[in-house]
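Quick note on labels: first sequence line is chain A, next is B, and so on, each numbered from 1.
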2 protein chains.
Amino acid sequence: MTAPQQERSKATRLRLVEAAVDCLAEKGWSGTTVAIVARAAGVSRGAAQHHFPTREDLIAGALEFATETQLIENRARAAALPEHGLTRVEAVVNMLVDIYVGPYFRAALQVWVAASADPSLHARVQPLEARLGRTIHHVAVELLRADERKPGVRETIQGTLDMARGFGLATVLGDDSARRRPIVRQWARVLAGVLGEQ
Amino acid sequence: MTAPQQERSKATRLRLVEAAVDCLAEKGWSGTTVAIVARAAGVSRGAAQHHFPTREDLIAGALEFATETQLIENRARAAALPEHGLTRVEAVVNMLVDIYVGPYFRAALQVWVAASADPSLHARVQPLEARLGRTIHHVAVELLRADERKPGVRETIQGTLDMARGFGLATVLGDDSARRRPIVRQWARVLAGVLGEQ
DNA sequence: AGATAAAATCAAGCGCGCATGCTGGTTTTG
DNA sequence: CAAAACCAGCATGCGCGCTTGATTTTATCT
């Protein structure tokens, strides 16, 4: 048989991490208590404590889930990208920016900032962030069909990602989409120039 | 008379907000309790509560102080900027980046992220952030001697600031200076191109 | 195969620690 | 002497981790 108890266990864990991610994104770090997450997931606090012995385990699990989901979503969106030329560059930049202004990033932001003052959490979070950063960079290079051997290309792409991160940060203080749009347009033009020049 | 008791009061308040900023930067949001800040400032908890009735008042005061100090420091560094040409552009970008990777920004980051889930704090913090953002943008335009009427100039400068913000965010996860340097160099080159083209 | 032991999952309650805010008292200043 | 600045203690609330108990699933033995 398919071991239905393992099934149920997995499902409970999943509901918990999903609830934790949502809670982090909308209630923030301090607002994310195990009791609240458990209630949102529809399980008791004891059950949560069973699957994630400590609060840090729950948070780390949530971040891991968010990272994973982020990557999967990227693959999907990458497949549905437009044709060639400047519109494609702009679409790619838009996609990258969307990563950093979405709810998963908001959740991750809470954890990252909190982890900056919590060594033990930092140790668990830092590798996740590093992997995500590398993957996104790789995806960006691939989608832009960029030649990283050209001088300046790699650096410009990295800068683009950092700009997107900056957008994500600005978003937590309020909706920024109106301010963002012209910047993205302009930057896509510049980026296309750097990619294609010479 | 110079009312020395007002003098003392001011001094105590200053020590408190300074201690609060330091504490935010190195111990994070949750680690910044009024008791710890008061001890770091060398006053009793009751005194802190006297000057800042609630914890939120203390945090808001600290952020205000950090914002103010940030602006003053900028003026000073702006005066000591190099001559003209590409080196100047690079120096300006470096200066802007330094703003966002310094301790004042780290402290502000903690407050901003926490404020995203705290409406009452958000209301006090948002105008500060807006003012700081506008001022920095203005300073950047002035130092770069940019002509904002040229299409794309304003957007590129804004993008530069967002990239700097992104650097600041990346810094809380670990030292990033090595990765940053080539990106800044390249970015300065691109920015100089946008500023100078017509 | 059937039964029983063992393990896993979920629920509820308890106690500890800690941060905040408040109140009453003491010192310093004008 | 009056007022402001400063300090010590108390009370409330809350989150976390632990322990106990009940229910279901898996494993083992005859």
Atom CZ of B:Arg39 to atom C1' of D:dC7: distance rounded to whole Å? 15 Å
Pick out which of A:Val34, A:Leu16, A:Val37, A:Ile59 makes a side chain to side chain contact (heavy atoms under 4.5 Å, CB included) with A:Phe52. A:Leu16
Examine distances only and state if a side-chain atom of B:Asp22 and a backbone atom of B:Ala19 form a donor-acceptor pair shorter than 3.5 Å. no
If you count heavy atoms of other groups shown closer than 6.0 angstrom to CZ of A:Arg88, is the number above 12? yes
Backbone N/O of B:Ala35 and side chain of B:Arg45: donor-acceptor pair under 3.5 Å: no
Look at the side-chain N and O atoms of A:His51 and state whether any lies under 4.0 Å from the OP1 or OP2 oxygen of C:dC10. yes
Interatomic distance where CG belongs to A:Asp57 and P belongs to D:dC16 [whole Å]: 13 Å
Below 3.5 Å is the cut-off: list the nitrogen or oxygen pairs between protein and nucleotides 17-21 of chain C, distance only.
{"residue": "C:dT20", "atom": "OP1", "partner": "B:Arg55", "partner atom": "NH1", "Å": "3.3"}
{"residue": "C:dT20", "atom": "OP2", "partner": "B:Val34", "partner atom": "N", "Å": "3.2"}
{"residue": "C:dG21", "atom": "OP1", "partner": "B:Thr54", "partner atom": "OG1", "Å": "3.0"}
{"residue": "C:dG21", "atom": "OP2", "partner": "B:Arg55", "partner atom": "N", "Å": "2.9"}
{"residue": "C:dG21", "atom": "O6", "partner": "B:Arg45", "partner atom": "NH2", "Å": "2.5"}

Protein-nucleotide distance (A:Trp29, atom CH2; D:dC16, atom C1'), rounded to Å: 13 Å
Is the number of heavy atoms from other residues, nucleotides or ligands under 6.0 Å of B:Arg124 CZ greater than 12? yes
How many Å lie between CZ on B:Phe52 and C1' on D:dA5, as a whole number? 14 Å
Is the phosphate of D:dA5 approached by B:His50 (side-chain N or O, under 4.0 Å from OP1 or OP2)? yes
Sidechain N-carboxylate O distance under 4.0 Å for A:Arg75, A:Glu142: no
Check the distance between D:dA5's P and B:Leu16's CG and give it to me in whole angstrom. 13 Å
